[in-house]
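See structure below.
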Amino acid sequence: MHDPATEEVIGNVPRGTKADVEATVAAAKAAFIQWRRTPANTRCQLMHEAAAKMREHKEKIVHLLTLEEGKP
């Protein structure tokens with residue numbers, strides 16, 4: 001990843017292959033079987049926990065997204 005404003009490298013993202021994509025899709029399909037059997041209130045709690053984690057790291061996330069997009 002490059003900062004569009006300065007062309008400075010701000011991170012690296014590995015390139016995936018077709019096999020990587022196929023493995024990811026298969027894993028998601030397998031996980032969904034269990035997820036859909038999870039009670040709604042449990043899923044809701046997990047989603048709230050994920051949102052709380054994102055809020056905990058909000059400043060870092062905002063900083064990285066700003067660098068990636070090149071907008072203040």
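To the nearest 0.5 Å, atoms CG (Leu65) and NZ (Lys58) are separated by 12.5 Å.
Not counting sequence neighbours, the partners of Leu64 by the side-chain contact (heavy atoms from CB on, under 4.5 Å) test are Lys60. Remark: His2 engages Glu7, Val9 in a side-chain contact (heavy atoms from CB on, under 4.5 Å) (not counting sequence neighbours). Checked against side-chain contact (heavy atoms from CB on, under 4.5 Å), Arg37 has the following partners two or more places apart in sequence or in another chain: Ile33. Residues satisfying the side-chain contact (heavy atoms from CB on, under 4.5 Å) test with Val13, not counting sequence neighbours, are Met1.
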Run the side-chain donor-acceptor check on residues 46-55: report pairs under 3.5 Å with partners two or more places apart or on a different chain.
| unit_1 | atom_1 | unit_2 | atom_2 | d |
| --- | --- | --- | --- | --- |
| Glu49 | OE2 | Gln45 | NE2 | 3.3 |

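For residues 15-25, the pairs satisfying side-chain hydrogen bond (donor to acceptor under 3.5 Å, both in side chains) are Thr17-Asp20, with sequence neighbours left out.
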